[in-house]
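No hydrogens, no waters, no symmetry mates; every other heavy atom, side chains included, goes into these values. Chain letters run A, B, ... following the sequence lines, proteins first and then strands; every chain starts at 1.
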Protein chains: 2
Amino acid sequence: MSDTHDLSRFSINQMTVKQLALPDLAAHCVRLGVPGVGLWREPVREYGVEAAAKLVRDAGLAVTTLCRGGFLTAADAAGRARALDDNRAAIDEAATLGTDTLVLVSGGLPGGHRDLAAARERIADALAELAPYAAERGVRLAIEPLHPMYAADRCVVSTLDQALDLAERFPAERVGVVVDTYHVWWDDRAPAAVARAGAAGRIHSFQLADWTTPLPAGVLTGRGQIGDGAVDMREWRERVDAAGYSGPIEVELFNDGLWARDGVEVLEETVRRYVLHTL
Amino acid sequence: MSDTHDLSRFSINQMTVKQLALPDLAAHCVRLGVPGVGLWREPVREYGVEAAAKLVRDAGLAVTTLCRGGFLTAADAAGRARALDDNRAAIDEAATLGTDTLVLVSGGLPGGHRDLAAARERIADALAELAPYAAERGVRLAIEPLHPMYAADRCVVSTLDQALDLAERFPAERVGVVVDTYHVWWDDRAPAAVARAGAAGRIHSFQLADWTTPLPAGVLTGRGQIGDGAVDMREWRERVDAAGYSGPIEVELFNDGLWARDGVEVLEETVRRYVLHTL
């Protein structure tokens, strides 16, 4: 497959095939010509951060992102301090793994709170503390706007424009955004925001997932396989490219149906879908 | 309750207490001093449109809205003709019921389609055919933006600004918008859009539901009771009032938990929550 199609920008996010142990994932990426992986903190820590770093380095794989830091909306001092500590640990892990990009899921409204704007300001305050720490370690913070259906409980940053409003308070090489089709595909202002982000060099990651319905309970594990849903993947890839982005294209799916299948089969299918619908 | 609190703008949408038969709903509204009801086509047609009209008229209740017309995104001629016929029937029913407002849920992407902008243009085309028909019968068409989580399968109009972009092609007395807190609460551009809509006299309905998590499978029946969730109801009521709206405030909840309870108890609770959190 890699002989006939250009996989040079393709990256598989570990969560897409979480049933695969990290060594299996690395081996099959090498076999298929997949050059990059996006990693998640929890499975990496289980495996050992140093060991994971060595594994992917020895396999010649690029770590395109580490997911994820964030959850920076706590309103109390103790909660805020815990979040900053955890994010500094995530930055250290990103540096160890050799990735330049830590994805941030900003966090939802604290219990009993109803003020989205105030929560976003607390994120800005946290970024001001974390961005210099990250920069010293060669790590960029990438704010990921999440779909508005997560605004209350996971991420008060719901649009690319909101993410850019936060990012632009900092230098582009320190704080940027993630463009994830699943979260922004519905937004008629997203194309202009992609151009805005690209012009400023703030597209730090480009992730793909398709939008399929009906959504499952909790709406966390319904990210569709590329080509199965409502998102025009090629249009989005061309849009992000036109904005000046030439980096990795990472497929990140959380999907109970895919997780129930053989991981190697899902990986191979994902490569095929990427080639078919994105290139 | 009606002696000590101002329920003059309160309206209960029939779906909030769909376990109540229409005569029971009407009787309890009268008893509680609830002056308005929002009705749905399916239960009204089961009861009989003329009979329902007489029932609410005799009870002295205002019909604040009829839900719903719409589903105007079909790309084929036959589907489009069927949708227009159905909407003309809905307009006739609204006129018979004595409401001036038909709520439109615009419709999702037809199977295999991925072009949201094109689907929105088909809605505009349909409005051009329906708005004069409605106006002749004293009925306004109210475009309801639905939360972006419905963009693929129910409503390609996801924000108040998109709804206004469509409505503004027509006179304000013919086509306006619905402001429903459940659908727009997350949107940092919604406050400006409310002002824009109010200045033009295009807020044709104001509906309340709270945002609670986790969302249920299919995400249709998780609209939270007022005060249970993330939405600052009083702030939204004040915002809509400040935009010049002084019409009914309709509570429309689809909630499996509420539907499993005694309908009269839910109606009374909803009145209390409205008074507590909105006035």
Side-chain angles (χ1 to χ4, degrees), chain A residues 108-120 145-159 161-163 165-166 181-191 210-222 224 227-236 256 277, chain B residues 108-120 145-159 161-163 165-166 181-191 210-222 224 227-236 256 277:
Chain A
L109 290 169
H113 285 242
R114 293 190 171 96
D115 190 337
L116 291 166
R120 291 188 198 112
L146 257 56
H147 192 282
M149 69 186 175
Y150 303 114
D153 56 351
R154 303 191 80 75
C155 186
V156 297
V157 179
S158 302
T159 65
D161 278 318
Q162 288 174 345
D165 289 345
L166 284 167
T181 57
Y182 189 77
H183 297 303
V184 304
W185 76 278
W186 59 272
D187 183 2
D188 60 352
R189 298 176 188 262
D210 214 335
W211 183 272
T212 52
T213 56
L215 295 166
V219 300
L220 285 172
T221 56
D228 280 353
V231 181
D232 187 329
M233 290 294 164
R234 187 167 290 104
E235 181 178 51
W236 274 95
D256 292 316
H277 294 284
Chain B
L109 290 169
H113 285 242
R114 293 190 170 97
D115 190 337
L116 292 167
R120 291 188 199 112
L146 257 56
H147 192 283
M149 71 186 174
Y150 301 115
D153 55 351
R154 303 191 81 76
C155 186
V156 296
V157 179
S158 302
T159 66
D161 278 317
Q162 288 174 345
D165 288 345
L166 284 168
T181 56
Y182 190 75
H183 297 303
V184 304
W185 77 278
W186 59 271
D187 183 3
D188 60 353
R189 298 176 188 261
D210 214 336
W211 183 272
T212 52
T213 56
L215 295 167
V219 300
L220 285 172
T221 56
D228 281 352
V231 181
D232 188 329
M233 290 294 164
R234 187 167 289 105
E235 181 178 53
W236 274 95
D256 292 315
H277 295 283

If I compare all heavy atoms of A/Trp211 with all of B/Met149, which pair ends up nearest, and what's the gap? CZ2-O, 3.5 Å
Of A/Ala151, A/Ala152, A/Pro216, the largest count of non-hydrogen pairs under 4.5 angstrom with chain B goes to A/Ala152
Heavy-atom pair with the smallest gap, counting every atom of B/Trp186 and A/Pro148: CD2-CB, 3.5 Å
With respect to chain B, which residue among A/Val219, A/Asp188, A/Leu220, A/Thr212 yields the maximal number of heavy-atom pairs within a distance under 4.5 Å? A/Asp188
Where does B/Val231 contact chain A at under 4.5 Å (heavy atoms): side chain, backbone, both or neither? backbone
Student check: side-chain heavy atoms of B/Thr213 and A/Arg154 closer than 4.5 Å: no
Among A/Ser158, A/Gly108, A/Gly229, A/Gly222, which residue forms the greatest number of heavy-atom pairs with chain B at distances under 4.5 Å? A/Gly229
Residues of residues 109-117 of chain B near chain A, each having a heavy atom less than 4.5 Å away: B/Leu109, B/Arg114, B/Leu116
Of all heavy-atom pairs linking B/Pro214 and A/Gly218, the shortest is CB-CA, 4.4 Å
Given heavy-atom pairs under 4.5 angstrom as the criterion, report whether the side chain, backbone, both or neither of A/Thr159 touches chain B. side chain
